[in-house]
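All remarks here apply to the structure that follows.
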Amino acid sequence: MGIRKLGYVGLNVTDVDAWSDLLLRTLGVGVTRAGDVALAEMDEFKYRLALHPSTEDGPREIGWIVDSPGELDRLSRRLTDAGHAVEDGTEEERDLRGATHLRWFTDPVGYRVELAVGETKARVAAERPAGGPGTTGLGHLVLASPKLAELRELYESVLGFELTDYRSPGLFFLRCNSTHHSIALGTADTPSIHHLEFEHASIDDVGRALDRATANGVPISISLGRHMNDRAISFYVKNPSGFHLEIGCGGIEVGDDWVPHDFGRASVWGHHHAEANPFAAEA
């Protein structure tokens, strides 16, 4: 397929210390510094989440790992043919991401999307909280935008993602590997990241994170539940930038024989929203 997985996300944040406190105390995610940038260590690789100090909160880059330089060239040609200007990343940017090759373009809503080859293993394993392995990686992200059709065209027709399933009237789950989805695209009046999902090794790790969130007074924005489509068990917290972090485990994998379908309802049980759900099929 060319793109192998979601590699990293960069955010502009107004309160790096609050983010670091949430990651360390509640989610058990180690944080290191590269100059003034905080890097969240979720697995043995350099980082999966980069926090850049800023006067405004918002997405900075979405990084996808590409199989090889040849695949990077192929995807760059497809993007150029589709009207996207593709630029090379700087040496400083490659070094920070731990990549050997880096290119980027701007998606239809204005987000910087990066395609990287190579990842740097920085440690044997990230630090974990007591009682279990905790976070094991960055799972997926969900983008909400008024330009849903243009984003679907980019990810499906140009970048080669496959549709796994969907929920009417406007929420689509796409995959670039055997994981049920690496990105979901929803419709909204204003572009935003609806949530990022942090993968955990077991339901016990998710439960321990829920206990720590409750003990630390972290806002639980969506209660514990099991999703209907990927069968993952998770809960969500509101992060210092105002969007959700999903803490989950147990998502299914799908094969080439999978048939996309409307899965009807969001959850088998649970997942009660503290605020209005922008993707609710009904009130």
Side-chain angles (χ1 to χ4, degrees), residues 4-9 11 19-32 38-51 63-65 98 119-142 164 173 175-184 193-216 218-239 243-255 266-271:
R4 179 154 41 91
K5 64 179 180 180
L6 178 63
Y8 54 88
V9 172
L11 301 174
W19 263 98
S20 297
D21 182 72
L22 171 64
L23 291 168
L24 282 166
R25 289 202 306 138
T26 298
L27 303 180
V29 174
V31 177
T32 60
L39 304 177
E41 309 168 346
M42 298 184 191
D43 52 28
E44 69 269 28
F45 292 97
K46 189 172 183 180
Y47 75 93
R48 297 299 181 196
L49 183 65
L51 307 172
W64 299 95
I65 304 301
E119 299 178 273
T120 297
K121 284 190 175 182
R123 59 197 57 77
V124 175
E127 293 183 10
R128 301 297 183 203
T135 307
T136 58
L138 182 61
H140 64 256
L141 81 160
V142 176
T164 302
F173 292 76
R175 67 186 188 274
C176 59
N177 51 45
S178 61
T179 300
H180 180 276
H181 63 282
S182 292
I183 190 170
I193 291 181
H194 177 267
H195 73 262
L196 294 175
E197 190 253 353
F198 292 176
E199 291 280 355
H200 283 61
S202 71
I203 183 61
D204 289 332
D205 290 319
V206 172
R208 292 184 186 102
L210 180 57
D211 281 348
R212 291 193 299 271
T214 302
N216 293 333
V218 175
I220 307 298
S221 51
I222 305 176
S223 69
L224 187 71
R226 182 191 286 275
H227 283 302
M228 179 66 75
N229 61 343
D230 70 352
R231 316 304 288 185
I233 295 176
S234 66
F235 72 97
Y236 298 65
V237 300
K238 187 67 71 72
N239 66 53
F243 63 92
H244 305 283
L245 295 181
E246 181 180 9
I247 312 305
C249 71
I252 64 172
E253 295 188 346
V254 301
S267 299
V268 180
W269 54 267
H271 284 149

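Below, all heavy atoms of this structure are taken into account, side chains as well, without hydrogens, waters or symmetry copies. We're numbering straight along the sequence, starting at 1.
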Validation row: Val31, Trp19 side chains within 4.5 angstrom (heavy atoms): no
For His180 against Asn229, the heavy-atom pair lying closest together: CE1-ND2, 3.3 Å
Exercise: do Asp211 and Thr214 side chains pair donor with acceptor under 3.5 Å: no
Note, Leu6 side chain near Ile183 side chain (heavy atom, < 4.5 Å): no
Rounded distance (nearest 0.5 Å) linking atom OG1 of Thr135 with atom CG of Asp43: 10.0 Å
Chi angles and distances behind the side chain to side chain contact (heavy atoms under 4.5 Å, CB included) call for Asn216, Leu22: CA-CA 9 Å; Asn216 293 333; Leu22 171 64; over 6 Å; no
Heavy-atom check, side chain of Lys46 versus side chain of Glu119, under 4.5 Å: no
Ile220/Leu210 under side chain to side chain contact (heavy atoms under 4.5 Å, CB included): CA gap, chis, key distance, verdict: CA-CA 9 Å; Ile220 307 298; Leu210 180 57; 4.0 Å; yes
Side chains of Leu138 and Val9 in contact at under 4.5 Å (non-hydrogen atoms): yes
Side chain His200, main chain Phe198, donor-acceptor under 3.5 Å: yes
Distance-minimising heavy-atom pair for Ala40 and Val29: CB-CG1, 3.8 Å
Ring geometry between His181 and Phe173 (parallel below 30°, tilted from 30 to 60°, perpendicular above 60°): perpendicular
Donor-acceptor side-chain pairing of Glu246 and His194 below 3.5 angstrom: no
Any Ser182 side-chain heavy atom under 4.5 Å of Asn177 side chain: yes
Main-chain N/O of Gly7 paired with Arg48 side-chain donor or acceptor, under 3.5 Å: yes
Reported CG-to-CG distance for the pair Asn239 and Leu51, which is rounded to 0.5 angstrom: 9.5 Å
Test side chain to side chain contact (heavy atoms under 4.5 Å, CB included) applied to Arg226 - qualifying residues, sequence neighbours left out: Arg231, Ile233, Val268, Trp269
Side-chain donor-acceptor contact under 3.5 Å, Glu41 with Tyr47: no
Under 3.5 Å side-chain donor-acceptor pair for Thr136 and Glu199: no
Inter-residue atom distance Ser178.OG - Glu253.CD, 0.5 Å rounding: 3.5 Å
Spacing of CD belonging to Glu197 relative to SG belonging to Cys249, to within rounding of 0.5 Å: 9.0 Å
His271 and Phe235: CA distance, side-chain angles, deciding distance, ring pair (Phe, Tyr, Trp, His ring centres under 6.0 Å) verdict: CA-CA 7 Å; His271 284 149; Phe235 72 97; 9.5 Å; no
Pair His140, Thr179: side-chain N/O donor-acceptor within cut-off below 3.5 Å: no
Distance-only side-chain donor-acceptor flag, Arg175 / Thr164, under 3.5 Å: yes
Note, Met42 side chain near Leu49 side chain (heavy atom, < 4.5 Å): yes
Sub-4.5 Å side-chain heavy-atom contact between Leu245 and His195: no
Heavy-atom check, side chain of Ile247 versus side chain of Leu27, under 4.5 Å: yes
Test item: Asp230 side-chain N/O and Ile252 main-chain N/O as donor-acceptor pair under 3.5 Å: no
N/O donor-acceptor pair under 3.5 Å between Ser234 side chain and Gly248 backbone: no
